[in-house]
Amino acid sequence: MKKLIVALTLLAGCLSWQANAESTLTFNKEIGPLVLNGDEVASDIFSSPNQLTLESGTNQVLFSLGQLVVEDGRRTKFNSVPFIVRFNAPSDDVALSYLPFRTMEEAKAFDKDPRFVLKSASGEMIPFQLEPLYVNGMQGMKNYEKAVLKYNQKETGIAVVSIGQTSTTPVDQIKPKNANTGSSQRMILEAGFNNLSAQEQQAFMMWAMKNLKNAS
């Protein structure tokens with residue numbers, strides 16, 4: 001029976017980690033990602049991906065904003081300075097958006113006081129740290145990956161990620177070897193079970209019942 005409890009505890013931790021291991025970050029079509037967690041985002045001359053796969057725990061993204069606006073009665077393209085943002089990824093998908101502007105004056109005001117919204121698929125507002133990152137070099141030839149590395153090395157910005165920092169697992173690690181009694185094992189099992197979704201709990205119970213019938 002103790003072996004079964006340990007096996008169920010391990011499965012609960014595994015399923016919970018898989019459920020929270022990855023999520024997707026979606027951008028407005030005007031937002032172009034440049035660097036994700038220190039690595040340059042692959043893009044072409046015409047477009048950037050509008051979705052990125054996040055790691056569990058801390059994520060850092062460098063992105064820029066480009067939108068058509070009206071200036072002196074004509075439509076023109078406004079390109080913002082790059083922004084760097086740091087946040088902890090939730091278990092579900094996330095969207096980064098902003099309130100579009102119409103004129104160049106509004107765009108310049110936004111550049112000085114950027115207002116972005118980071119929200120999960122379930123409607124939860126995700127806290128984040130954000131600031132502009134000025135990158136030297138000619139347009140189209142800027143080394144954004146190197147700029148992010150230097151930014152983190154300085155350790156003075158509000159969205160810094162320490163060099164060598166690893167992502168944090170958003171769920172408690174379950175360690176059966178520390179459970180010395182039946183009651184503590186039950187508490188560990190219940191904690192892991194509560195971290196599962198309703199669908200995963202049902203699958204878990206079916207698996208558990210099947211194994212209980214076969215136990216001797």
Write down the atom of Ile31, the atom of Pro33, and the distance for their closest heavy-atom approach. O-CD, 3.8 Å
For the residue pair Gln129 / Arg86, report whether a side-chain donor-acceptor contact shorter than 3.5 Å exists. yes
Scan side-chain atoms only and decide if Ser23 and Asp93 contain a donor-acceptor pair under the 3.5 Å cut-off. no
Phe27 with Leu99, same ILVMFWY side-chain cluster at under 4.5 Å: no
Val148, Asn37, Val41 screened by side chain to side chain contact (heavy atoms under 4.5 Å, CB included) with Leu62, the one that passes: Val148
Going by heavy atoms in the side chains, are Phe87 and Val61 under 4.5 Å from each other? yes
Would you say the side chains of Gln60 and Asn152 form a donor-acceptor pair under 3.5 Å? yes
Applying side chain to side chain contact (heavy atoms under 4.5 Å, CB included), run through Glu71 and Phe78 and close with a yes or a no. CA-CA 10 Å; Glu71 183 179 25; Phe78 167 78; over 6 Å; no
Listed partners of Lys108 passing side-chain contact (heavy atoms from CB on, under 4.5 Å), at least two apart: Met104
Here the pair of heavy atoms bringing Thr156 nearest to Val160 is N-CG2, 4.0 Å
Take Asp111 and Val81 through the test side chain to side chain contact (heavy atoms under 4.5 Å, CB included) and record every step on the way to the result. CA-CA 7 Å; Asp111 218 21; Val81 299; 3.9 Å; yes
dist Leu68:CG -> Arg75:CZ (nearest 0.5 Å) comes out at 5.0 Å
At what distance, to the nearest 0.5 angstrom, does OG1 of Thr26 lie from CG of Leu96? 10.0 Å
Please examine the side chains of Leu34 and Ser64, heavy atoms only from C-beta on, and report whether any two atoms are closer than 4.5 Å. yes
Side-chain heavy atoms under 4.5 Å apart, restricted to Ile/Leu/Val/Met/Phe/Trp/Tyr: what other residues fall into the cluster of Met125, or is it alone? Val117
From Tyr134 atom OH to Ile84 atom CD1, the distance as rounded to the nearest 0.5 Å: 13.5 Å
Could you go through the side chain to side chain contact (heavy atoms under 4.5 Å, CB included) check for Arg74 and Val70 one step at a time? CA-CA 5 Å; Arg74 295 180 298 178; Val70 177; over 6 Å; no
Could you tell me whether the side chain of Glu145 and the main chain of Glu40 form a donor-acceptor pair under 3.5 Å? yes
Check against side chain to side chain contact (heavy atoms under 4.5 Å, CB included), Phe128 and Asn88: CA-CA 8 Å; Phe128 61 88; Asn88 286 327; over 6 Å; no
Contact between Leu36 and Leu54 at the side-chain level, heavy atoms closer than 4.5 Å - yes or no? yes
What's the separation between atom CG in Asn59 and atom CD1 in Ile126, rounded to the nearest 0.5 Å? 11.5 Å
Min side-chain heavy-atom separation Glu30-Pro100 under 4.5 Å: no
What are the two closest heavy atoms between Asp92 and Ala121, and how far apart are they? OD2-N, 3.8 Å
The side-chain contact (heavy atoms from CB on, under 4.5 Å) partners of Pro114 (sequence neighbours excluded) come to Phe83, Phe110, Phe116, Leu130
With no hydrogens and no angle check, do the side chains of Glu131 and Tyr151 hold a donor and an acceptor under 3.5 Å apart? yes
Nearest heavy-atom approach of Ala89 to Glu55 is CB-O, 3.5 Å
Do the non-hydrogen side-chain atoms of Phe63 and Pro82 ever get within less than 4.5 Å of each other? no
Exam field: side chain Glu124 to backbone Ser120, donor-acceptor pair closer than 3.5 Å: no
